[in-house]
Amino acid sequence: MPSLFVGQMTDLIFTERELVQSLKEYIEAEEMKLEAVKSWANKLDMLTRVSTLDPEGFLAHPVNAYKLMKRLNTEWSELESLVLQDPSDGFISNMSVHRQYFPDEEDEKGAAKALIRLQDTYKLDSESFSKGKLPGVRYNAELTVDDCFDMGKLAYNENDYYHSVLWMQQALRQMDSGEDAKTPKADILDYLSYSVYQMGDLPRAIELTRRLVAIDPSHQRAGANLHYFERLLSKELRDRGQGQQEPADEKPIQLDTYERPKDYLPEREVYEALCRGEGVKMTEKRRSRLFCRYQDGSRSPRLLLKPMKEEDEWDSPHIVRFLEALSDEEIEKIKELAKPKLARATVRDPKTGVLTVANYRVSKSAWLEGEDDPVIARVNQRIEDVTGLTVDTAELLQVANYGVGGQYEPHYDFSRKDEPDAFKSLGTGNRVATFLNYMSDVEAGGATVFPDFGAAIWPRKGTAVFWYNLFKSGEGDYRTRHAACPVLVGSKWVSNKWIHERGQEFRRPCGLTECLFHILIWFAIKMSKYEFMFLCLPFAELFTDYTYTY
């Protein structure tokens, strides 16, 4: 996956501009060198024409004899030095300095995979993608035949024949329309025909292989494949009781031509639909239960004069959005502090509790402490004031940058019962709540979605959203499984604060049932079995559906 994101790639834009300037200086130096050599050549050409007509008469003049000696001894050596002089030294040196920051092969592969991810999530056909027809774009950017071929080849090499077909088909379509390319058509047909075969479309695989054989009759693999495909199709037709070959489908291969293979994510279709703004379950009845209000943090002195504007985003589970949670100046300062620390985002291994890189989370992140800058301390204090929860036991402020295709697939912020050691090393209990700051607008994509109950929350710069991950009982709210949708166009910056249980005992006390149950547990330890049973009788109904692991 890519290790470079928009937050850092902007620096590469300026690096490339510097390299272009260095290249222009190199060209100018080469042109000056060439002009000097041409001047020498023209002068000596005229001189030798005269000298070779009558060499003895020419050398009879002592000045000519001296100048010949001088030219061959000194001036030709100077010319040799001029020719050997390499004006590219400065350019090569500049390249060497910057090369350490260049994307590598893995970055390029990651970028290609990001495009494929966007294609799937937002149901973009290859042609629209290739022609740059994306929502919210400000600049035209098109993919060439060679670009499409490289995309298809990447998918092919990873046995992803579905996407290989889509991109090889697009490369062939653009080539057939007259676009020039370095990639031979035979190569495109070779990859495409075999990928189509892997998708189970024998008639079309045969037709494409025939096209390949017509272009390159000596192509050994194509000839062998054609005979194999034809025998396979004949057998299938005989088994079905049909006597003739089925004609190939004439329709171009599109997203819906073949079924996209299933993967490891059970709610993939729901998740991606929400990312597109489809399937959101905000009914009018539910919307009528949403309100906006001024939040003073239970009369916090820092919010009395300027309370926070709060809007309900969802009723159950309750999700709120705070307006003007961060100023533009604060956002820029946070980004400035985070950029040097950005590294590939990690997730906590549920079994070991160790942070590790995962393919389902594609972003760069950095962790900022309150001591790093007064702005961070001020933001932490604001989160505490508006939520009423202490941040003394919270994790550091995490800043994340999601570039093109950047995402975080559906996940829980809290640890489940089968992950007892997830936050053990922190010693602060489970993640009770999530506070998420949006630090940029996103032109297209990048929503925060909750597949369980069909919510989609869109980034708005300067706002923040907040929800509880745990019920008051301490049990996890499994409805809060959420995802960060891939960024289609733009750059998404967020910062989040994961607030933990420890220290919240009097700020968010457990509900009546939970508190009463804990009291009874204490009595159970102190009293006899029969005394305890007698004590519990009046409260039996309260605990009928309440489960507790003690």
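Here the structure is a predicted model, which means the values were calculated and not measured.
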Practice item. Compute the ring centroids of Phe423 and His500, then answer whether they are less than 6.0 Å apart. Key: yes
Check your understanding: Is Glu230 salt-bridged to Arg210, going by a charged N under 4.0 Å from an acidic O?
Key -> yes
Review point. Do Lys182 and Asp187 sit within salt-bridge range, that is, some charged N less than 4.0 Å from a carboxylate O?
Key: no
**Study point:** OG1-CG distance between Thr434 and Asp413, expressed to the nearest 0.5 angstrom
**Key:** 3.5 Å
Revision key, fill the gap. Output for pair (Ile27 CD1, Leu34 CG), nearest 0.5 Å, gives 13.0 Å
Practice item. Would you kindly say whether Asn225 and Thr209 are connected by a side-chain donor-acceptor distance under 3.5 Å? Key: no
Check your understanding: When rounded to the nearest 0.5 angstrom, what distance separates NZ in Lys339 from CD1 in Ile334?
Key -> 13.0 Å
Review point. Do the non-hydrogen side-chain atoms of Gln174 and Ser130 ever get within less than 4.5 Å of each other?
Key: yes
Point to revise | is_close_aromatic(Tyr402, Tyr408), centroid dist under 6.0 Å | key: no
Revision key, fill the gap. Output for pair (Leu337 CG, Glu332 CD), nearest 0.5 Å, gives 11.5 Å
**Study point:** Contacts of Cys275 that satisfy disulfide (SG to SG under 2.5 Å) - sequence neighbours left out
**Key:** Cys485
Point to revise | Nearest-0.5 Å distance that lies between atom CG in Asp441 and atom NZ in Lys492 | key: 12.0 Å
Review point. Heavy-atom distance under 4.5 Å between the side chains of Val449 and Tyr271, does that happen here?
Key: yes
Point to revise | side chain to side chain donor-acceptor pair (under 3.5 Å) evaluation trace for Tyr264 with Glu409 | key: CA-CA 11 Å; Tyr264 55 87; Glu409 289 180 354; 2.6 Å; yes
Exercise for review: Using a strict 4.0 Å threshold on nitrogen-to-oxygen distance, state whether Arg460 and Glu311 make a salt bridge.
Suggested key: yes
Exercise for review: For residues Leu233 and Ile206, determine if any side-chain heavy atom of one lies less than 4.5 Å from a side-chain heavy atom of the other.
Suggested key: yes
Exercise for review: Mind checking side chain to side chain contact (heavy atoms under 4.5 Å, CB included) for Arg260 and listing every partner two or more places apart, or none if nothing turns up?
Suggested key: Asp120, Tyr162, Arg268, Glu272
Check your understanding: Is the shortest heavy-atom distance from the side chain of Pro410 to the side chain of Leu265 under 4.5 Å?
Key -> yes
Exercise for review: Could you tell me which non-hydrogen atom of Met175 sits nearest to which non-hydrogen atom of Pro184, and how far apart they are?
Suggested key: CE-C, 4.5 Å
**Study point:** Heavy-atom check, side chain of Lys285 versus side chain of Asp315, under 4.5 Å
**Key:** no
Review point. Do Asp147 and Thr144 have a side chain donor and acceptor closer than 3.5 Å?
Key: yes
Review point. Between Glu28 and Lys33, is there a salt bridge with N-O shorter than 4.0 Å?
Key: no
Practice item. Check whether the side chains of Gln119 and Trp167 place a donor and an acceptor atom closer than 3.5 Å, and report yes or no. Key: yes
Review point. Would you call the rings of His482 and His411 parallel, tilted or perpendicular, where under 30° means parallel and over 60° means perpendicular?
Key: tilted
**Study point:** Test: Asp452 and Arg481 ion pair at under 4.0 Å
**Key:** no
Exercise for review: Check Tyr478, Tyr468, Phe471 against Phe414 for a ring pair (Phe, Tyr, Trp, His ring centres under 6.0 Å) and give me the one that passes.
Suggested key: Tyr478
Exercise for review: Only one of Phe453, Trp314, Phe450 passes side chain to side chain contact (heavy atoms under 4.5 Å, CB included) with Arg479; say which it is.
Suggested key: Phe453
Check your understanding: Taking Asp146 for the side chain and Thr183 for the main chain, is one N or O donor matched with an acceptor at less than 3.5 Å?
Key -> yes
Check your understanding: Do Glu475 and Lys417 come close enough that some side-chain heavy atom pair is under 4.5 Å?
Key -> yes
Point to revise | Ionic contact status for Asp176 with Lys185, cut-off 4.0 Å | key: yes
Practice item. Using a strict cut-off of less than 4.0 Å between a Lys/Arg side-chain nitrogen and an Asp/Glu carboxylate oxygen, indicate whether Glu395 and Arg431 qualify as a salt bridge. Key: yes
Check your understanding: So, Tyr438 versus Trp493, ring centres under 6.0 angstrom or not?
Key -> no
Under 3.5 Å donor-acceptor pairs involving side-chain atoms of residues 192-204, not counting sequence neighbours:
unit_1: Ser193; atom_1: OG; unit_2: Leu189; atom_2: O; d: 2.8
unit_1: Ser193; atom_1: OG; unit_2: Asp190; atom_2: O; d: 3.1
unit_1: Tyr194; atom_1: OH; unit_2: Gln198; atom_2: NE2; d: 2.9
unit_1: Ser195; atom_1: OG; unit_2: Ser164; atom_2: OG; d: 3.0
unit_1: Ser195; atom_1: OG; unit_2: Tyr191; atom_2: O; d: 2.9
unit_1: Asp201; atom_1: OD1; unit_2: Arg204; atom_2: N; d: 3.3
unit_1: Asp201; atom_1: OD2; unit_2: Arg204; atom_2: NE; d: 3.1
unit_1: Asp201; atom_1: OD2; unit_2: Tyr258; atom_2: OH; d: 2.7
unit_1: Arg204; atom_1: NE; unit_2: Tyr258; atom_2: OH; d: 3.4
unit_1: Arg204; atom_1: NH1; unit_2: Lys251; atom_2: O; d: 2.7

Exercise for review: Only one of Arg287, Arg286, Arg321, Arg289 passes salt bridge (Lys or Arg N to Asp or Glu O under 4.0 Å) with Glu313; say which it is.
Suggested key: Arg321
Review point. Are the side chains of Met439 and Ser495 in touch, meaning some heavy atoms are under 4.5 Å apart?
Key: yes
Point to revise | Interatomic distance, Leu166 atom CG to Glu127 atom CD [nearest 0.5 angstrom] | key: 12.5 Å
Practice item. Indicate yes or no: at least one non-hydrogen side-chain atom of Thr480 is less than 4.5 angstrom from one of Leu470. Key: no
